[in-house]
Novice: 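Dropping the structure in here first, questions after.
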There are 2 protein chains.
Amino acid sequence: MGTFSAAIIPTERYQDAHLDLDFQHKTARLDLAPMRLTRKEYDLLALLVQNAGEIVTREALLMRVWGYSTQIKTRTLDVHIRRLRKKLGDYADQYIETIFGIGYRFQPYRPPRLFRVASDLVSVGA
Amino acid sequence: MGTFSAAIIPTERYQDAHLDLDFQHKTARLDLAPMRLTRKEYDLLALLVQNAGEIVTREALLMRVWGYSTQIKTRTLDVHIRRLRKKLGDYADQYIETIFGIGYRFQPYRPPRLFRVASDLVSVGA
DNA sequence: GAGGAGTTGTAAAAGTTTTGTAAAAGGTGT
DNA sequence: ACACCTTTTACAAAACTTTTACAACTCCTC
């Protein structure tokens with residue numbers, strides 16, 4: 001019987017209607033076109049995407065992308081977020097959300113609904 | 001049943017609209033004209049071509065073409081890449097891509113499509 | 001709802017690292 | 001010795017990252 005490496009690696013890819021990250025090859029595509037991300041930009045996006053839907057604190061981002069323990073007084077992170085947003089073009093607002101005083105959150109693409117469904121009526125959390 | 005040597009040797013040739021590598025005879029042609037490559041130039045090109053579409057790290061190139069373990073501080077690789085590019089003429093940009101901080105990638109020639117096809121519409125992987 | 005402290009956004013400059021290039025030096029085989 | 005190939009060197013250019021300085025924004029309190 002064959003071996004399935006896919007079973008070993010947890011998630012090796014993120015994919016939605018517009019964005020496509022390949023964590024193995026460290027590449028990203030936006031509407032099929034390769035996004036030309038620098039290493040830091042990719043690391044940043046990847047970390048956010050891997051925690052899609054959840055807030056990632058500035059601390060965590062600095063820690064895991066930069067290796068800084070803490071105490072940053074420069075705008076390095078913000079500058080990188082900015083460039084990421086730029087490369088995400090019109091989708092930037094939809095994908096990357098600023099959580100004031102805490103960090104950022106990547107929000108996976110939600111296809112627009114054509115019809116109202118029951119879950120639209122309950123007041124949702126978060 | 002007969003034996004098919006083709007089944008043993010993975011690919012013994014690369015061919016696209018402009019470039020043609022014969023891995024058996026270690027020769028290359030560009031638009032039918034033989035490219036006069038030196039051994040190192042050929043080895044380098046062959047390795048890249050055999051990994052067409054994928055990044056080959058500097059390390060891997062140095063390792064497999066030069067046999068260096070690691071730790072190179074000279075520009076040997078770059079110089080060879082340069083001469084290769086020169087010999088690829090106008091196609092150089094299209095074929096050999098620099099992946100900053102990582103290595104190089106040979107990108108196979110993609111003929112321009114004249115008409116849209118079904119596969120353009122589905123969101124594809126890779 | 002105005003003011004203020006603190007946080008994030010932005011543009012540009014400065015800094016760092018990596019790659020490209022030209023020329024010279026070093027080898028190799030005939 | 002000659003022709004050819006490869007490596008080294010030294011520097012230029014390009015790509016990427018960080019810093020700086022300030023503007024804009026958010027949240028909180030009065």
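Lettering follows sequence order; numbering is per chain, from 1.
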Novice: Hydrogens and angles aside, do Arg85(A) and Thr98(A) bring a side-chain donor and acceptor to less than 3.5 Å of each other?
Specialist: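 On atom types as modelled, these side chains qualify, holding a pair under 3.5 Å.
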Novice: What I want to check is whether the side chains of Tyr104(B) and Asn51(B) have a donor and an acceptor closer together than 3.5 Å.
Specialist: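 There is no such pair (donor and acceptor under 3.5 Å, judged by atom type) between the side chains of Tyr104(B) and Asn51(B).
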Novice: Figure out the CD1/P separation between Ile81(A) and dC25(D), and round it to whole Å.
Specialist: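 Going from Ile81(A) (CD1) to dC25(D) (P), I get 19 Å.
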Novice: Would you say Tyr104(B) reaches dT18(C)'s phosphate, i.e. side-chain N/O to OP1/OP2 under 4.0 Å?
Specialist: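 No, Tyr104(B) has no side-chain N/O under 4.0 Å of OP1/OP2 on dT18(C).
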Novice: The side chain of Phe100(A) lies closest to which of these nucleotides: dT6(D), dT8(D), dT7(C)?
Specialist: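 Among dT6(D), dT8(D), dT7(C), the one nearest the side chain of Phe100(A) is dT7(C).
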Novice: For dT8(C) and Arg58(A) - does any side-chain N or O of the residue sit under 4.0 Å from the phosphate oxygens OP1/OP2?
Specialist: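 It does, given that an N or O in the side chain of Arg58(A) lies less than 4.0 Å from OP1 or OP2 of dT8(C).
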Novice: Considering only dG6(C), dT6(D), dT10(C), which nucleotide approaches the side chain of Arg39(B) most closely?
Specialist: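 Nearest to the side-chain atoms of Arg39(B), counting from C-beta on, is dT6(D).
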Novice: Just N and O in the side chain of Thr98(B): are any of them under 4.0 Å from OP1 or OP2 of dA15(D)?
Specialist: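 Looking at the OP1 and OP2 atoms of dA15(D), neither is under 4.0 Å from any side-chain N or O of Thr98(B).
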Novice: Is there a side-chain contact between Tyr42(A) and Leu21(A) in this structure, where contact means two heavy atoms from C-beta onward sitting under 4.5 Å apart?
Specialist: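 Of all side-chain heavy-atom pairs linking Leu21(A) with Tyr42(A), at least one is under 4.5 Å.
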Novice: Side chain of Thr76(A) only, heavy atoms from C-beta on: which candidate in dT8(C), dT9(D), dT19(D) is closest?
Specialist: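 From the listed options, dT19(D) comes nearest.
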Novice: Contact class for Ile102(A) vs. all strands (heavy atom < 4.0 Å): base, sugar-phosphate, or nothing?
Specialist: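 Answer is sugar-phosphate: Ile102(A) comes under 4.0 Å of backbone atoms only.
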Novice: Measure the distance from NZ on Lys73(B) to C1' on dT9(D) and round it to the nearest whole Å.
Specialist: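 Answer to the nearest Å: 13 Å.
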Novice: For Arg83(B) and dA23(C), give me the distance from atom CZ to atom C1', rounded to whole Å.
Specialist: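 From Arg83(B) CZ to dA23(C) C1': 11 Å.
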Novice: Between Trp66(A) and dT18(D), is there a side-chain N or O to OP1/OP2 distance below 4.0 Å?
Specialist: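 Checking Trp66(A) against dT18(D): at least one side-chain N or O falls below 4.0 Å of OP1 or OP2.
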Novice: Specify the separation, in whole Å, of atom NZ of Lys86(A) and atom C1' of dG9(C).
Specialist: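 To the nearest whole Å, that distance equals 12 Å.
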Novice: Could you tell me how far apart His80(A) (NE2) and dT19(D) (P) are, to the nearest whole angstrom?
Specialist: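 For the pair His80(A) NE2 and dT19(D) P, the rounded distance is 11 Å.
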Novice: Starting at CD of Glu41(B) and ending at C1' of dT6(D), how long is that distance when rounded to a whole Å?
Specialist: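 Interatomic distance, CD of Glu41(B) to C1' of dT6(D): 10 Å.
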Novice: Find which nucleotide of DNA chain C each of Val79(A) and Gly101(A) is nearest to by heavy atoms, and output the residue with the more 5' nucleotide.
Specialist: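 Looking at DNA chain C, the more 5' nearest nucleotide goes with Gly101(A).
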Novice: Do Asp31(A) and Tyr91(A) have a side chain donor and acceptor closer than 3.5 Å?
Specialist: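 A pair is found: one side chain offers a donor N or O, the other an acceptor, under 3.5 Å apart.
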Novice: Rounded to the nearest angstrom, tell me the gap between atom CG in Leu61(A) and atom P in dT8(C).
Specialist: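 To the nearest whole Å, that distance equals 11 Å.
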Novice: Applying ring-ring contact (aromatic ring centres under 6.0 Å, His included), run through Phe106(A) and Tyr14(A) and close with a yes or a no.
Specialist: CA-CA 12 Å; Phe106(A) 176 86; Tyr14(A) 168 87; 5.4 Å; yes
Novice: Identify whether any heavy atom of Leu44(B) sits under 4.0 Å from a base atom; if not, whether one sits that close to sugar-phosphate; answer base, sugar-phosphate or nothing.
Specialist: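 Nothing: the residue Leu44(B), judged by heavy atoms under 4.0 Å, touches no strand.
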Novice: Check the phosphate of dT7(D) against Lys40(B), side-chain N and O only, distance under 4.0 Å to OP1 or OP2. Yes or no?
Specialist: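 Checking dT7(D) against Lys40(B), a side-chain N or O does come within under 4.0 Å of OP1 or OP2.
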Novice: According to a strict under-4.0 Å criterion, is Tyr42(B) in side-chain N/O contact with OP1 or OP2 of dT6(D)?
Specialist: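 Checking dT6(D) against Tyr42(B), no side-chain N or O comes under 4.0 Å of OP1 or OP2.
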Novice: Does a side-chain N or O from Thr38(B) land closer than 4.0 Å to OP1 or OP2 of dT6(D), or not?
Specialist: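 For dT6(D), OP1/OP2 do have a side-chain N/O of Thr38(B) under 4.0 Å.
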Novice: Could you check whether Arg85(B) gets within reach of a base, just the sugar-phosphate, or nothing at all, counting any heavy atom under 4.0 Å?
Specialist: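 If one applies the 4.0 Å heavy-atom cut-off, Arg85(B) turns out to touch the sugar-phosphate alone, with no base involved.
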Novice: Within the pair Thr74(B) and dT7(D), is there a side-chain N or O less than 4.0 Å away from OP1 or OP2?
Specialist: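 Looking at the OP1 and OP2 atoms of dT7(D), neither is under 4.0 Å from any side-chain N or O of Thr74(B).
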Novice: Could you tell me the separation between the CD atom of Glu97(A) and the P atom of dT26(D), rounded to a whole number of Å?
Specialist: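 Spelled out: CD on Glu97(A) to P on dT26(D) is 13 Å.
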Novice: Would you call Glu54(A) and Arg105(A) a salt bridge, using N to O less than 4.0 angstrom?
Specialist: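 Here Glu54(A) does not pair with Arg105(A) in a salt bridge, since their nearest N and O are not under 4.0 Å apart.
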